[in-house]
Amino acid sequence: MNIEYIHSWSMEPVQAIDLQKKLRDKLTFEDYSREPRLVAGIDVSFPFREIALAVIVIMEFNSLSIVDHFFSLKKVETPYIPGLLSFREGPAILDALSRSPEVDLLFFDGHGIAHPRGIGIASHIGLFVEIPTIGVAKSLLYGKVESLPREKGQSSRILSPGGRLLGYALCTRTSVKPVFISPGNRITAESALRLSIRTIGKYRIPEPTRQAHILTQRLKNQLVL
DNA sequence: GCGACAG
DNA sequence: ATCTTGTCGC
């Protein structure tokens, strides 16, 4: 766990935005051409209004079979504000990660650099770990897609207002709305896309994040019952 | 000032 | 994200 950028998570929106602008310059982007063995999907649910349940699902990259899982229950201290998602879900996620063994790659439910200030949850959390992180979002927050990919496996670029490549809209099922892939930290948009494509299963949401979501919902219910 | 707006 | 059953469509 890289403690170099640790900071408080409870702060006012203006302070949080200020911190994001300062942290975005710490992000790095490099190709990832090797073959990851273990990857993990991360998702968060809310069993109670102010309690976040973060789940880490570890799976084999080549078979997409689940190997193990870890979770954490944490009280939330900030409301959900578009662009500041990491401040709400970050604490629970980092705690769950501290209980989980190291893997080669992390997939998040949300964006990486396809964000107003270039530092979505996948990028922000990515500063605390030493492995590459990828954002897999279900809807667009920032930027524009060049065209809508409608055939499974196809993709189109997500561009910033200034024309910078932020990531890709990836069609994971023919004629179904795409998911939005963007690099978090320590990886390029191209590599993030290539690796994400390999985690596509039979559904719209790629397996790592999909399995994490299923488990986060299941654990939430087991908690009440 | 008017929209847009991850989970 | 969360509160919730059935139902339309590929």
Side-chain angles (χ1 to χ4, degrees), chain A residues 9 13-14 16-17 19-20 23-24 27 41-57 71-94 96 106-126 133-145 150-152 158-162 166-185 189 192 196 202-206 208-225:
Chain A
W9 292 96
V14 279
I17 289 175
L19 178 57
Q20 291 184 317
L23 293 177
R24 66 180 170 195
L27 299 172
I42 300 174
D43 191 31
V44 178
S45 68
F46 297 83
F48 300 102
R49 194 60 171 174
E50 305 207 335
I51 300 296
L53 168 59
V55 171
I56 312 290
V57 170
F71 70 89
S72 170
L73 282 169
K74 207 86 174 179
K75 184 172 183 176
V76 299
E77 57 288 274
T78 65
Y80 166 67
I81 297 176
L84 298 180
L85 177 65
S86 60
F87 289 84
R88 181 174 170 73
E89 306 188 341
I93 290 176
L94 285 184
L106 256 34
F107 289 92
F108 288 79
D109 183 13
H111 293 96
I113 64 171
H115 174 281
R117 291 166 291 286
I119 181 166
I121 193 166
S123 297
H124 196 159
I125 302 302
T133 57
I134 296 174
V136 181
K138 300 181 289 298
S139 64
L140 202 56
L141 167 68
Y142 182 74
K144 292 193 172 183
V145 177
R150 302 217 109 170
E151 233 174 87
K152 181 174 181 176
I158 298 175
L159 302 175
S160 70
L166 301 178
Y168 296 88
L170 171 64
C171 179
T172 51
R173 283 195 70 176
T174 299
S175 299
V176 169
K177 182 198 300 182
V179 290
F180 305 88
I181 308 299
S182 63
N185 190 29
S196 294
K202 192 177 180 182
Y203 307 89
R204 178 169 91 110
I205 308 301
T209 293
R210 194 178 84 84
Q211 293 303 334
H213 183 263
I214 290 175
L215 193 47
T216 201
Q217 290 301 314
R218 170 173 296 185
L219 288 179
K220 181 187 68 174
N221 294 322
Q222 282 185 7
L223 205 55
V224 179
L225 302 182

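Convention: sequence-line order gives letters A, B, ...; per-chain numbering from 1.
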**Student:** Quickly work out the A:Leu85 CG to B:dC5 P distance and round it to whole Å.
**Tutor:**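 Distance, rounded to whole Å: 15 Å.
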**Student:** Between A:Lys144 (NZ) and B:dA4 (C1'), how many Å, whole number?
**Tutor:** 10 Å
**Student:** For A:Phe180 and B:dA6, is the gap between ring centres under 5.5 Å while the planes differ by less than 30°?
**Tutor:** no
**Student:** Please find the pair of heavy atoms, one from A:Pro47 and one from A:Lys220, that lie closest to each other, and give the distance.
**Tutor:** CA-CG, 3.5 Å
**Student:** Let me know the distance between CD of A:Glu89 and C1' of B:dA6, rounded to the nearest Å.
**Tutor:** 9 Å
**Student:** Please give, in whole Å, the distance from B:dG7 P to A:Arg88 CZ?
**Tutor:** 14 Å
**Student:** Both distances under 3.5 Å, Watson-Crick or G-U wobble: on that basis, could you give the dot-bracket string for DNA chain B, with [ ] for crossing pairs and | for other-strand partners?
**Tutor:** .......
**Student:** Students often get this wrong, so: under 4.0 angstrom with heavy atoms, is A:Leu84 touching a base, only sugar-phosphate, or nothing?
**Tutor:** base
**Student:** Side chains of A:Leu166 and A:Ser182: does their closest heavy-atom pair fall under 4.5 Å?
**Tutor:**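 Answer no - side chains too far apart.
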**Student:** Roughly, in whole Å, what's the span from CD in A:Gln217 to P in C:dT2?
**Tutor:**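 Rounded to the whole Å, the gap is 5 Å.
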**Student:** Evaluate the side chain to side chain contact (heavy atoms under 4.5 Å, CB included) criterion for residues A:Val145 and A:Leu140: first the C-alpha distance (whole Å), next the side-chain angles of each, then the deciding distance (0.1 Å), finally the verdict.
**Tutor:** CA-CA 9 Å; A:Val145 177; A:Leu140 202 56; 4.0 Å; yes
**Student:** To the nearest 0.5 Å, what is the distance between CG (A:Leu215) and CG (A:Asp43)?
**Tutor:** 9.5 Å
**Student:** If you count heavy atoms of other groups shown closer than 6.0 angstrom to CZ of A:Phe71, is the number above 12?
**Tutor:**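 Atom CZ in A:Phe71 is not packed in, count stays at 12 or less.
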**Student:** For each nucleotide in nucleotides 3-10 of chain C, reading 5' to 3', give B when a protein heavy atom comes within less than 4.0 Å of its base, S when such contact involves only the sugar-phosphate, and - otherwise.
**Tutor:** --------
**Student:** Taking the side chain as C-beta and beyond, is there a heavy-atom pair between A:Ile134 and A:Leu106 under 4.5 Å?
**Tutor:**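 Sidechains of A:Leu106 and A:Ile134: no contact.
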**Student:** At less than 4.0 Å, is any side-chain N or O atom of A:Tyr80 found next to OP1 or OP2 of B:dA6? Yes or no.
**Tutor:**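 Answer yes for this pair, as a side-chain N or O of A:Tyr80 is under 4.0 Å from OP1 or OP2.
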**Student:** Tell me, with the steps shown, if A:Lys152 and A:Thr172 meet side chain to side chain contact (heavy atoms under 4.5 Å, CB included).
**Tutor:** CA-CA 5 Å; A:Lys152 181 174 181 176; A:Thr172 51; 5.7 Å; no
**Student:** Contact class for A:Leu140 vs. all strands (heavy atom < 4.0 Å): base, sugar-phosphate, or nothing?
**Tutor:** sugar-phosphate
**Student:** May I have the distance from A:Asp109 (atom CG) to C:dA1 (atom C1'), rounded to whole angstrom?
**Tutor:** 10 Å
**Student:** At under 4.0 Å between heavy atoms, what does A:Gly135 touch on the DNA or RNA strands: base, sugar-phosphate, or nothing?
**Tutor:** nothing
**Student:** Mind checking A:His213 for me? I need base, sugar-phosphate or nothing, with any heavy atom below 4.0 Å counting as a touch.
**Tutor:**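 Touches sugar-phosphate only.
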**Student:** Describe the nucleic acid contact of A:Ser45 in one word from base, sugar-phosphate, nothing, applying a heavy-atom distance below 4.0 Å.
**Tutor:** sugar-phosphate
**Student:** Name each donor-acceptor pair under 3.5 Å that joins a side chain in residues 107-115 of chain A to protein atoms two or more places apart or in another chain, with its distance.
**Tutor:**
residue, atom, partner, partner atom, Å
A:Asp109, OD1, A:Lys138, NZ, 2.8
A:Asp109, OD2, A:Lys138, NZ, 3.3
A:His111, NE2, A:Ser139, O, 3.2
A:His115, ND1, A:Arg117, N, 2.9
A:His115, ND1, A:Gly118, N, 3.4
A:His115, ND1, A:Ile119, N, 3.4
A:His115, NE2, A:Gly83, O, 2.8

**Student:** Tell me whether the side-chain N/O atoms of A:His115 come closer than 4.0 Å to OP1 or OP2 in B:dC5.
**Tutor:** no
**Student:** In whole angstrom, give the distance that lies between atom CG of A:Leu53 and atom P of B:dG7.
**Tutor:**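 Spelled out: CG on A:Leu53 to P on B:dG7 is 17 Å.
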**Student:** Could you state the atom-to-atom distance from NE2 of A:His111 to C1' of B:dC5 in whole Å?
**Tutor:** 11 Å
**Student:** Kindly compute the distance separating CG (A:Leu159) from OH (A:Tyr142), expressed to the nearest 0.5 Å.
**Tutor:** 11.0 Å
**Student:** Within a strict 4.5 Å, meaning less than it, do heavy atoms of the A:Leu23 and A:Gln20 side chains meet?
**Tutor:**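 Side-chain contact under 4.5 Å: no.
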